[in-house]
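What follows is a short report on a single structure.
In what follows, chains are A, B, ... by sequence order, proteins preceding strands, each numbered from 1.
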Protein chains: 2
Amino acid sequence: VIELTGIERRFQVGDQVVAALRGVDLTLGDGDYAAVMGPSGSGKSTLLNILGLLDRPDAGTYALGGVETTSLNEERRARLRRERIGFIFQSFHLIPRLTAAGNVELPLTLAGVAPKERRERVAAALDALGLTPRAHHRPDQLSGGQRQRVAIARATVMAPELILADEPTGNLDRASGEEVIRALEGLNARGLTLILVTHDPVLGGRARRRIRMADGAVAEDLCA
Amino acid sequence: VIELTGIERRFQVGDQVVAALRGVDLTLGDGDYAAVMGPSGSGKSTLLNILGLLDRPDAGTYALGGVETTSLNEERRARLRRERIGFIFQSFHLIPRLTAAGNVELPLTLAGVAPKERRERVAAALDALGLTPRAHHRPDQLSGGQRQRVAIARATVMAPELILADEPTGNLDRASGEEVIRALEGLNARGLTLILVTHDPVLGGRARRRIRMADGAVAEDLCA
Ligand SMILES: Nc1ncnc2c1ncn2[C@@H]1O[C@H](COP(=O)(O)OP(=O)(O)OP(=O)(O)O)[C@@H](O)[C@H]1O
Ligand SMILES: Nc1ncnc2c1ncn2[C@@H]1O[C@H](COP(=O)(O)OP(=O)(O)OP(=O)(O)O)[C@@H](O)[C@H]1O
Ligand SMILES: [Mg+2]
Ligand SMILES: [Mg+2]
């Protein structure tokens, strides 16, 4: 369902060029469960942003569900992103003026889901992540780990076909982290493709597919 | 050097009151090395914010280096904070328009350190955390772990007497995390008091003093 070929991504800072991705090839099937690991700065978030249609490569192609995405216009990419992808950002990107419940509800509202169904799905998503007592708190009234869980609830409430999670347990204790992973693995068991970036080798070891990055390239790509 | 007595902190959200800290007593000596652990939402960041003079308790007292801080006015608290405390935030709080070097330099400039010495100290702090190649990148041009390391460099460049670190390795791979901990432990070895909030039990196990929080109170307080 995911096919990356020859992906390159460079950033310019002043007169310096950073080669964030230097030729990445990657193929994943429907329902795969992959962990992407590697040192700080090795290109994991850059890779995820390209997979999530949030960024375009400077070279190479990306086919998602058979659709060649790099040649699509912004509007079609945005629609594909909304309809098919749930993204959990390394820095959460919650909407400050909305409550936890409001943040989780937003993608449902944008997708035209009816109010009664929205309320039920938001309640279920918050409950699955232990957030019910904090539903009416805004992000600045939440702990770091609570914000992270809101970001996860928002990405999963639409049951997208692809979930991209950038360090989903970085701010969580062992118990909350396990709850999150169980929730994400539950979605994967129902057919969703799951790609996690993580620094936690215990978490990485649970994935069936393990991809290790170094310096903008794939150093290792194994099936467990 | 730190004496907390009967610390309470409550937050109001709508008609709900959250008891973030419910009566915390804590005494730490000069040069101590403590880890604060506990579930997401148990009050760790709230405790650190009070220790860092970023927040005031609703009840109880906090003496820092013999100075009773809760009765001081805002201006004196701000000065004490600038002069004595280095804070590494769970969400970094870097200044978006400044580069990595600019962010690290800021506390030195505010303290009136001369330009030549500032440049040397910034270069040393960046180098200690592997950030030299990214000195001229702004936060939005850095990876998550690089931003975290800039936050650490900024907090430590002033060699404050107290360092408060809220999950300093949450976004770092094992190797970068060890570099950070070595840098922080090096400062502690030179007499700085170090308090880390962490979800990583390996990291927590290195501290000489281990404090576990649950539901806004200290559940356990051990010397290793
Ligand atoms: N400004 C605020 N307004 C309302 N509630 C708050 C506020 N700040 C924190 N809280 C609540 O107080 C509790 C403690 O928050 P705190 O940030 O100290 O937790 P924590 O132990 O640092 O958690 P984590 O490990 O997730 O970072 C949480 O339940 C949180 O929802
Ligand atoms: N917008 C940008 N402009 C310039 N350089 C960038 C930009 N975004 C990322 N980089 C650089 O590209 C490299 C890869 O960044 P990326 O965020 O993908 O790393 P990462 O593997 O996610 O790291 P971490 O584990 O620290 O989150 C880094 O060295 C970073 O400094
Ligand atoms: Mg990253
Ligand atoms: Mg916290």
Of all of A:G38, A:A20, A:G145, A:G43, which one pairs up most often with chain B through heavy atoms under 4.5 Å apart?
A:G145
Counterpart residues, side chain to side chain contact (heavy atoms under 4.5 Å, CB included), relative to B:L106 (two or more places apart)
B:I95, B:L98, B:L110
For chain A against chain B, print all donor and acceptor atom pairs separated by less than 3.5 Å.
from   : atom 1 : to     : atom 2 : distance (Å)
A:Q16  : OE1    : B:H137 : NE2    : 3.3
A:Q16  : NE2    : B:P133 : O      : 3.4
A:S40  : N      : B:D173 : OD1    : 2.7
A:S40  : OG     : B:R149 : NH2    : 2.7
A:Q90  : NE2    : B:N171 : OD1    : 3.0
A:P133 : O      : B:Q16  : NE2    : 3.3
A:H137 : NE2    : B:Q16  : OE1    : 3.3
A:R149 : NH2    : B:S40  : OG     : 2.7
A:N171 : O      : B:H199 : NE2    : 3.1
A:N171 : OD1    : B:Q90  : NE2    : 2.9
A:D173 : N      : B:H199 : ND1    : 3.2
A:D173 : OD1    : B:S40  : N      : 2.7
A:H199 : ND1    : B:D173 : N      : 3.2
A:H199 : NE2    : B:N171 : O      : 3.1

Residues two or more places apart in sequence or in another chain: which of them pass side chain to side chain contact (heavy atoms under 4.5 Å, CB included) with A:A165?
A:I88, A:P168, A:L196
Which residues share a side chain to side chain contact (heavy atoms under 4.5 Å, CB included) with A:A35, sequence neighbours left out
A:A207
